[in-house]
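Here's the structure, in C-alpha cells; my notes come after.
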Amino acid sequence: MDRVALQKCSYGMYVICSIRDGKMNGQIANTVFQVTSDPPRVSVTLNKGNLTHDFVVASKVFTVSILSEETPMPFIGTFGFKSGREVDKFVGVNYRIGVTGAPVVLDHAVSVLECKVTGSMDVGTHTVFIAEMVEAEVIAAGNAMTYDYYHKMKGGKSPKAAPTFVAAEIPAPEAKPTKENATMAKYQCSVCGYVYDPEQGDPDNGIKAGTAFEDLPDSWVCPVCGAPKDSFEKMG
Ligand code: FE
C-alpha cells in the first residue's frame, strides 16, 4: 500500500474557531467539506487532543474561515502550530462574533461559514463533526489556498495532529541558488517547515535582509511556530 497516493487528494486551508464558557479558540484544519446542499451541511475533522475540538464538543458550534493563498506563514503558525492552552491566538487578529456566538476570523479569509453541529462520529484519533451552515459570507476576492499550495508554494508542513499527517513528507523542490544567496545557506525549522532565507531576513522580527542564519541572535525563534534556533537544519 503506497500512502503517497493519499497526497493526491485535494484539500484546503481553514481556520476553525469555537467557544466555551466565553473563551475563544481556533485552529488550522485542512479537512472541511460540504456534505449536502439542502440543507447546506459541512463536515470538519478535528484532533481530539486539540483545544478547539473540546470547545466544539461543548458548544456544538464552530466557524470556518477559508484562507487565501496570500495568508502569511506566521498567521498559519499561530493557529496551526501553537496551542490555545498556552497563547491567546486572537491577539492582533481581526475577527467578529458571529450568530452562533463563536468568533469568525476575518484576516486572510476569502469567505467564512458559521455552523451548528448536528452529528459527529468518533474515528479514533479524531472526531468528524457534521454541521448545518447557518450563516456564510464572501469576504474577499482571491484564490483559496489549497493544501497542495501550502506545501509546495509556502513550504508548509503538517503537524502530527493533522488527519493527513505523514512521517516523511516529500520535500518541497529547492529554489535555485542565485548570485545573491549563493554564499548564505537557507535553514529549515524541523518543527513546522518554515524556511529562513538570509536574502529575505525576518523583517517582522527586526532581522534585516542579508542576515546570515549564523548571525541571528540566540534569542531569535521561528516566526511561525516559536521553536528555538537550534531546531533549524541547514538546507541543501
Ligand atoms: Fe517553526
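The figures here come from the full heavy-atom set of this structure, side chains too, leaving out hydrogens, waters and symmetry mates. Positions are given from 1, in the same order as the sequence printed here.
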Can you confirm whether the side chains of T52 and N25 place a donor and an acceptor under 3.5 Å from each other?
yes
Atom pair NE2 (H126) and NE2 (H53), whose distance is rounded to the nearest 0.5 Å
9.0 Å
Any chance you could lay out the side-chain contact (heavy atoms from CB on, under 4.5 Å) test for V195 and M235, step after step, and finish with the verdict?
CA-CA 9 Å; V195 174; M235 296 179 77; 3.6 Å; yes
V44: which other cluster members, linking ILVMFWY side chains closer than 4.5 Å, directly or transitively?
Y14, I16, V32, V42, L46, V56, V57, F62, V64, I66, V110, L113, V117, F129, M133
Over all atoms of both residues, closest heavy-atom pair of T211 and D215:
CG2-CB, 4.1 Å
Show your working on side-chain contact (heavy atoms from CB on, under 4.5 Å) between Q188 and E233 and close with a plain yes or no.
CA-CA 5 Å; Q188 186 170 34; E233 284 152 13; 5.5 Å; no
Please check if the number of heavy atoms outside R85 that lie under 6.0 Å from its CZ is greater than 12.
yes
Compare every heavy atom of S65 with every heavy atom of V105, then report the nearest pair and how far apart it is.
O-OG, 2.7 Å
S83 and K89: which non-hydrogen atoms are nearest, and at how many Å?
C-CE, 3.9 Å
Does any pair with a residue in residues 97-116 pass ring pair (Phe, Tyr, Trp, His ring centres under 6.0 Å), and if so which ones, sequence neighbours excluded?
F75-H108
Could you check whether Y187 and F213 have their ring centres less than 6.0 Å apart?
yes
Between D54 and K48, is the closest basic N to carboxylate O distance under 4.0 Å?
no
Mind checking who shares a hydrophobic cluster with V221, ILVMFWY linked at side-chain heavy-atom distances under 4.5 Å?
none
So, do I130 and T36 sit near enough that their side-chain heavy atoms are less than 4.5 Å apart?
no
Kindly compute the distance separating CE (M13) from OG1 (T71), expressed to the nearest 0.5 Å.
8.0 Å
Is the number of heavy atoms from other residues, nucleotides or ligands under 6.0 Å of K60 NZ greater than 12?
no
Could you pull out the closest heavy-atom pair between P103 and C17, with the gap in Å?
O-CB, 3.2 Å
Is there a path of hydrophobic side-chain contacts, each under 4.5 Å between heavy atoms of I/L/V/M/F/W/Y residues, joining L216 to F232?
yes
At what distance, to the nearest 0.5 angstrom, does CE of M24 lie from CG of D88?
6.0 Å
Side-chain heavy atoms of E132 within contact of C115, under 4.5 Å:
no
What's the separation between atom CZ in R41 and atom NZ in K116, rounded to the nearest 0.5 Å?
13.5 Å
Considering residues, nucleotides and ligands other than K82, do more than 12 of their heavy atoms fall under 6.0 Å from its NZ?
yes
Minimum heavy-atom separation for G101 to I19, with atom names?
O-CD1, 3.4 Å
Do D202 and W220 have side-chain atoms, one donor and one acceptor, less than 3.5 Å apart?
yes
List the steps and the verdict of side-chain contact (heavy atoms from CB on, under 4.5 Å) for C192 and C222.
CA-CA 9 Å; C192 72; C222 174; 3.6 Å; yes
Distance-only polar pair, side chains of S18 and S59, donor-acceptor under 3.5 Å
yes
Separation between OG of S111 and CD1 of I139, rounded to the nearest 0.5 Å
7.5 Å
My understanding is that a hydrophobic cluster links ILVMFWY residues whose side chain heavy atoms are under 4.5 Å apart, including indirect links. Using that, what else belongs to the cluster containing F55?
L51
Assess the residue pair Y150 and M73 against the criterion (side-chain contact (heavy atoms from CB on, under 4.5 Å)); give the C-alpha distance rounded to whole Å, side-chain angles, the decisive distance to 0.1 Å, and a yes or no.
CA-CA 9 Å; Y150 167 68; M73 287 297 276; 3.9 Å; yes
So which atom in P74 and which in V224 form the shortest heavy-atom distance, rounded to 0.1 Å?
N-CG2, 4.0 Å
Going by side-chain contact (heavy atoms from CB on, under 4.5 Å), name the residues that satisfy it together with K160, two or more places apart in sequence or in a different chain.
F165
Are I97 and F90 linked, directly or through intermediate hydrophobic residues, by side-chain heavy-atom contacts shorter than 4.5 Å (ILVMFWY only)?
yes
With the threshold set at 4.0 Å, does a side-chain nitrogen-carboxylate oxygen contact exist between R96 and E137?
yes
Find out if a path of hydrophobic residues (ILVMFWY) with successive side-chain heavy-atom gaps under 4.5 Å connects M145 to F81.
yes
Please check if Y149 and V15 belong to a single hydrophobic cluster, counting links between Ile, Leu, Val, Met, Phe, Trp and Tyr side chain heavy atoms closer than 4.5 Å.
yes
Would you compute the distance between atom CG of N94 and atom CG of D107 and round it to the nearest 0.5 angstrom?
4.5 Å
Set of side-chain contact (heavy atoms from CB on, under 4.5 Å) partners for N30, sequence neighbours left out:
Y11, Y147, P163, T164
